[in-house]
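Each ligand, and each atom within it, is numbered from 1 in the order the structure gives. Just so it is clear, the model here is predicted, and its values are computed rather than measured.
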Amino acid sequence: MEKQQKSSHVVLVMVTFQGHLTPMLQLASLLHSKGFSITIVHPEFNSPNPSNHPEFTFISIPDKLTESHFSDKDAASPVWNLNKNCAAPLQQCLEKILHSLHHIAAVIYDTLMYSAQPITEDLGLLGIVLRTGSATTMLFYPAFSQLDEERIDFVYEIKSPELQALQLKRLRALLSQNATKAMTEVRVAFANVLKRSSAIIVNSMEFLEPEALSKVKQYSPAPIITIGPLHKFAPAICSSLLTEDDKCISWLNKQAPKSVIYVSFGSIVNFDKEELIEIAWGLSNSKQPFLWVVRPGMVRGSEWIESLPNGFEESVGERGCIVKWAPQKEVLAHAAVGGFWTHSGWNSTIESICEGVPMLCRPFFGDQHLNTSSICNVWKIGLELQNLERGNIERTIKRLLVDMEGNGIRKRAIDLKEKAAFYLMEEGSTSCSLNKLIKHILSV
Ligand code: UDP
C-alpha cells in the first residue's frame with residue numbers, strides 16, 4: 001500500500017477561514033506523512049503562507065470577494081459569494097492538474113466549498129468532503145433544507161437522552177430565526193454535498209457524539225470517517241493567520257495552577273463596545289487572573305482595545321493579560337489555565353476537551369449554539385453564560401473555576417480528556433479511521 005500511496009496525489013480544496021484552514025492543513029499533513037503528495041487549492045483571501053509548508057503545492061484561485069462581503073451582517077454572504085465566484089476557476093484548476101498529472105486519487109473539499117462537489121463528480125474524480133464542525137450539526141441539514149420531511153421527523157422524534165439533552169427542536173427554531181436567502185441556499189448546498197460525496201471526514205471522536213453519529217449514519221449514503229482530534233493526531237503545523245503573541249506564556253508561568261480564565265471568541269465573532277465594557281468589568285470583578293484575546297477589529301467601531309472603560313487597567317493591574325492573538329493550544333495545555341470562556345467554535349471545543357479545561361460558553365451564531373448545548377447539557381463540562389451582564393459574568397466565572405458547584409464540571413472535563421487520550425493511542429480508533437480513509441482513497 002505504501003508504494004501505491006507514494007505515487008498518489010490528493011488535491012485539497014480549502015476555505016481560508018481560520019477554523020477551516022487549520023483542520024484542512026492538519027489533514028494534509030497527515031496524508032503527506034502517509035506518503036501522498038498534496039496540492040492545496042485555495043481562494044485568494046487569507047492565503048496561507050506556502051513557505052510554512054514547503055512539502056505542499058499551493059494554488060490560489062480568484063475569489064472576487066471584497067470587504068463588503070465580510071462586513072455584511074449575513075454570515076452566509078461570503079460563503080455564498082465564494083462558491084459563486086470560485087466555481088469556474090476551480091474547475092479550470094482541477095482540469096489543469098488532471099492534465100499534467102493524469103491521475104488524481106481524490107479531491108477533498110471543505111463543506112463550505114460545496115461548489116467543488118459537482119465539479120469533482122463531472123470530472124469523474126473521487127470526491128470526499130471534510131466537515132470541520134461537529135457530526136451533530138449534520139442532523140440539521142435534512143431539516144433545514146426541507147429535502148425530506150420524513151427524515152425531519154426521524155431526527156426530531158429521537159428518544160435517546162443524549163439527543164433530547166441537545167434540545168434540537170429549540171435550536172432549530174433559534175437557527176431558523178432571520179435565516180436569509182443566502183443562508184437557506186447555503187444550507188441546502190451543505191445537505192447536498194454531504195449526500196453526494198463518496199465519504200465524509202469529520203474532525204470528531206466516536207465517543208463524543210455516538211447517538212448523533214449513529215443517526216446520521218442511518219440516513220447518509222456515504223461512509224462517515226471520524227478522524228479527530230486532528231490537532232493531536234496530525235504532525236504539528238504552523239497554521240495561524242495572525243501572529244501569536246508568546247508573551248502570554250511567560251505571564252501564565254507566573255500564575256497559580258488552574259487559576260486563570262482564558263477568554264477567546266475565535267477568529268470571526270464581532271461585538272459592540274457596550275459588550276466589551278461588560279466583559280471587562282465582569283473579568284475585573286471576578287478577581288480571577290485572566291488572559292483575554294481581543295483581535296484587532298473585533299470590537300465594532302474600534303481598532304483594538306481603546307474602548308476599554310476608564311479605571312479598568314488600574315483595577316486589574318498584573319492580574320490581566322490582553323493579547324491580539326494567542327498560541328491557543330499551548331495556552332489551553334498550560335497548568336495555570338482553569339477555565340476557557342469560549343464562543344464554542346468547534347476547533348476551540350475539541351482543543352479544550354483534549355486538555356481537560358472546563359468551558360464557559362457564550363455562543364454568537366450558527367453551530368456555536370449546538371456546540372454549547374453539547375458542552376453544557378450532554379458532556380456537562382461547561383456552563384452557558386445566558387447574558388453578557390457584568391454581575392452574571394463575575395458569578396459564572398467563580399462557579400466554573402472556584403465554587404464547590406463547579407467540582408463535578410471540572411472532574412468530568414478531566415475524565416473526557418482521559419477518554420480522548422485513550423482514543424488517540426497508537427492502533428486506537430483515530431488510527432483505524434485514518435486507515436479506513438486511505439483504503440477509501442486507494443479503492444478507485
Ligand atoms: N485560535 C488561536 N489563537 C487565538 C484564538 C483562536 O490560535 O487567539 C485558534 C484556535 O486554536 C482554533 C481556531 O483559532 O483552532 C478557531 O477556530 P474555532 O472553530 O474555535 O472558531 P472560529 O474562529 O472558526 O469561529
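Backbone and side-chain nitrogen or oxygen atoms of Glu244 are examined, and none is located within less than 3.5 angstrom of a nitrogen or oxygen of ligand 1. Every N/O-N/O distance between Gln368 and ligand 1 stays at or above 3.5 Å.
Counting heavy atoms under 4.0 Å from ligand 1, residue His20 does not touch it at all. Here Ser264 has side-chain heavy atoms under 4.0 Å from ligand 1, and that is the only part of it that gets that close. With a 4.0 Å heavy-atom cut-off, ligand 1 is reached by the backbone of Trp346 but not by any atom from C-beta on.
Near Gly266, the atoms of ligand 1 lying under 4.0 angstrom from a non-hydrogen atom of the residue are 23 (O). Interface atoms of ligand 1 facing Ser267, defined by a heavy-atom separation under 4.0 Å, are 22 (P), 23 (O).
Closest protein heavy atom to atom 15 (O) of ligand 1: Glu351 OE2, 2.7 Å. When hydrogens are left out, the protein atom nearest atom 13 (C) of ligand 1 is Gln18 CG, 4.1 Å; that is the closest non-hydrogen contact. Here the heavy atom of the protein found nearest to atom 24 (O) of ligand 1 is Gly19 CA, 3.6 Å. The nearest heavy-atom contact from the protein to atom 25 (O) of ligand 1 is His343 NE2, 2.9 Å. Annotation: atom 16 (C) of ligand 1 to nearest protein heavy atom, Ser348 OG, 4.2 Å. In terms of protein heavy-atom proximity, atom 2 (C) of ligand 1 is closest to Trp325 CZ2, 3.2 Å. The nearest heavy-atom contact from the protein to atom 19 (O) of ligand 1 is Asn347 ND2, 2.9 Å. Protein heavy atom closest to atom 8 (O) of ligand 1, with residue, atom name and distance, is Ala326 N, 2.8 Å.
Nearest approach of Pro223 to Ser198, heavy atoms of both residues: CD-O, 3.1 Å.
The only member of Trp341, Trp292, Trp325, Phe365 that meets ring pair (Phe, Tyr, Trp, His ring centres under 6.0 Å) when paired with Phe265 is Trp341.
For Phe17, the heavy-atom gap to ligand 1 stays at 4.0 angstrom or more. Put simply, no part of Arg295 is less than 4.0 Å from ligand 1, judged by heavy atoms.
Under a 4.0 Å N-O distance rule, the pair Lys215/Glu209 does not qualify as a salt bridge. Under 4.0 Å is where a charged nitrogen must lie from a carboxylate oxygen, and between Lys419 and Asp415 no such pair does. Under a 4.0 Å N-O distance rule, the pair Arg390/Glu394 does not qualify as a salt bridge.
Enclosure of atom CD in Glu389 by more than 12 non-hydrogen atoms of other residues, nucleotides or ligands within 6.0 angstrom is indicated. Within 6.0 Å of the CD atom in Glu303, the count of heavy atoms belonging to other residues, nucleotides or ligands does not exceed 12. When the shell of 6.0 Å around CZ of Arg196 is examined, it contains 12 or fewer heavy atoms from other residues, nucleotides or ligands.
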With ring-ring contact (aromatic ring centres under 6.0 Å, His included) as the criterion, how do Phe45 and Phe17 come out once you've worked through the C-alpha distance, each side chain's angles and the decisive distance to 0.1 Å? CA-CA 9 Å; Phe45 83 97; Phe17 296 118; 5.3 Å; yes

What's the verdict on side chain to side chain donor-acceptor pair (under 3.5 Å) for Thr349 and Asn371, showing C-alpha distance, side-chain angles and the deciding distance? CA-CA 8 Å; Thr349 302; Asn371 299 338; 4.6 Å; no

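Between His42 and Phe58, the ring planes are perpendicular. Angles over 60° get that label, and only those under 30° would be called parallel.
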